[in-house]
Amino acid sequence: MATHDAADEGEEASARALRESTPGDAPPGPDGVPVIGNTLQFVRDPVAFYARCAAYEDDVVTYRVATSDGVMLKHPTDIEQVLVTDDADYRRASIIRNALGQIADGGLFLMEGEAWGAHRTALQPSFYRDRIETYADMMARFADERAAEWADRDPNAGPIAVSEEMRTLTLEILAKTLLDVDIRGRESAIRDAAAVISDRFDAGSLSALLPLWVPTPANRRCRRAVSRFDDAIADIVAERRATDEAFDDLLSILLAVDPDDGTGESREGGGLSEQQIRDHLFTFLFAGHETTALTLSYAVMLLANDAERQARLHAELDEVLGDGTEGSAADAERPGATDLFELDYLDRVVDEALRLYPPAYTVFREPTRDVELGGYRIPEGSTVSMPQWVVQRDERWYDDPDAFRPERWTDSFREELPDYAYFPFGGGPRHCIGMRFALMEAKLVLATLAARFAFDPVSEPPLDLSMQITLQPQQPIEVGLRTR
Ligand code: HEM
């Protein structure tokens, strides 16, 4: 079933040889207009623009957006070279630094070099499996309580906007995990900041490409929301420092770690400044909630549109979570972290949703010196884009690439798939630190909701998408709900 058998590998090798036989030439790419290059094409319809770049036979494509020279890499080998092998020759791309630098400069996402290494080492244990598993019960409980609200809806209320529901649920879960704050049903600076910031970074508007100091209305709103968020965080941190009570959240770890003592171990007193704590929390909140919400929303939409595969998931949930009697898992215990080992089809559903609709639809890097990629010389400072959106739908690696087929993820398929033909969480030293957290949350929430409800199709694939900071549906994703 995997498409990358020996014959294909042969073809692939000859395609690469052909490409590498022309070093020195510029890679091909869509024509743009002088000065702004392809900016308008990109802003008007980023998905179509990506499709145009994907259509070139060459695995390296150039374009120009705003003031930067863009290079798109489509081959897993080139992507691995950038993210893993030659990671030291790259840094965060300036389009990312310009966009996020003014709101989370000292967070893990934007840090570089030794400071990044020290903080990553210090924070890593907060994301180890045993630590993450302590959040499992809360995640499933929050999902279960949301499901109970759904069950109480007026049966004539019509479809539910699952994308909105998942966005608030994942934010609530993250606020609880990071700060031990329950923001459910309350006005919250965290919730407001999340909404305004996603608006600000909508790539469908030119303002997303402008720095935050330019006084556009979206920028002003964004700066006000960030400042309210900062006040709220400062209050929480101050209260926490003033109490002896023990907490089991990420903030308590941030207050204890000292990245500069070289061991990455927590120690009494802690070594992070208020600003560093704020920047890390901000980064986790914004890297963590929308991405996980999108994973869930796309998975639910795909299941709603595929009765057979949804039935297969229900059967697995009934078998693993049910009490052994005839019927569904609807009345069963909430799923826990250990149940996930047995929920193999659930695993595949989530992996397939992340393949088709990767919330982080591209990873960017910028070479700090001239480099060679796929046989082409790429100048220092170019914006290298490695789009999961394109690579994970490439028919060289996936049969029927646009189809939702969770069962493709057999062990042998996983083994044969080239590294970096699937990388929803990035790769190399800067891969997503929250990957385990996100996967556990997505599976527990999906298991909890699908055990209680059947989803009926309303929004249908292919969805109209917009490439904001994450891959967003243009309209809210809706499904019908039936209690099981
Ligand atoms: C399905 C959900 C998620 C997806 C698809 C996702 C995707 C990614 C990707 C692709 C990267 C690498 C970016 C790059 O190399 O440029 C990344 C980095 C990162 N992610 Fe996630 N992420 C998810 C959830 C989370 C969660 C839940 C958290 C935290 C609670 C988180 C925190 C981070 C941080 C801090 C980084 C930067 C790591 C570093 O540079 O050392 N992410 N994520």
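Atoms within a ligand are numbered from 1 in the order they appear, just like the ligands themselves.
- Only protein N, O or S atoms were considered, and those under 2.8 Å from atom 21 (Fe) of ligand 1 are Cys432 SG.
- Near Phe437, with a cut-off below 4.0 Å to any heavy atom, the atoms of ligand 1 are 27 (C).
- Taking the charged nitrogens against the carboxylate oxygens, Arg405 and Asp306 have no contact shorter than 4.0 Å, which rules out a salt bridge.
- Counting atoms of ligand 1 from 1 in the listed order, those under 4.0 Å from a heavy atom of Pro424 are 5 (C), 7 (C), 10 (C).
- Within ligand 1, counting atoms from 1 as listed, the ones closer than 4.0 Å to a heavy atom of Thr292 are 2 (C).
- In the vicinity of Arg120, heavy-atom distances shorter than 4.0 Å reach the ligand 1 atoms 38 (C), 39 (C), 41 (O).
- Comment: Asp58 does not engage Lys74 in a salt bridge, judged by the lack of any side-chain N to carboxylate O separation of less than 4.0 angstrom.
- The stretch residues 102-119 participates, sequence neighbours left out, in these salt bridge (Lys or Arg N to Asp or Glu O under 4.0 Å) pairs: Glu112-Arg430.
- Contact annotation: the side chain of Pro406 approaches that of Arg309 to within less than 4.5 Å [non-hydrogen atoms, C-beta and beyond].
- Arg393 forms a cation-pi arrangement with Tyr357, by the criterion of a distance under 6.0 Å to the ring centre and an angle within 45° of the ring axis.
- Of all the listed residues (Arg365, His119, His431), Arg365 holds the heavy atom that lies closest to atom 15 (O) of ligand 1.
- Residue contacts with ligand 1: Thr295 is placed with no nitrogen or oxygen under 3.5 Å of a nitrogen or oxygen of the ligand (distance criterion only).
- The shortest N/O to N/O separation between Arg430 and ligand 1 falls below 3.5 Å.
- Here Glu407 does not pair with Arg348 in a salt bridge; the nearest charged N to carboxylate O distance is not below 4.0 Å.
- Remark: ligand 1 atoms within the under-4.0 Å shell around heavy atoms of Val363 are 14 (C), 15 (O), 16 (O).
- The cationic group of Arg92 does not satisfy the cation-pi geometry with Phe364, failing either the under 6.0 Å distance to the six-membered ring centre or the 45° limit from the ring axis.
- Electrostatic pairing of Arg436 and Asp130 does not count as a salt bridge here, judged by no charged N lying under 4.0 Å from a carboxylate O.
- Note that CD of Gln276 and CE of Met111 are 6.5 Å apart. Values are rounded to the nearest 0.5 Å.
- When each atom of ligand 1 is checked for a heavy atom of Arg92 under 4.0 Å away, the hits are 14 (C), 15 (O), 16 (O), 40 (O).
- Heavy atoms of Trp116 approach ligand 1 to within less than 4.0 angstrom.
- Side-chain contact between Tyr90 and Val371: present, with at least one pair of heavy atoms (C-beta onward) separated by less than 4.5 Å.
- Among all protein heavy atoms, the one lying closest to atom 36 (C) of ligand 1 is Phe109 CD1, 3.7 Å.
- Using cut-offs of 30° and 60° on the angle between ring planes, the pair Phe284 and His280 is parallel.
- Annotation: atom 30 (C) of ligand 1 to nearest protein heavy atom, Phe127 CE2, 3.8 Å.
- Using cut-offs of 30° and 60° on the angle between ring planes, the pair Phe127 and Phe437 is perpendicular.
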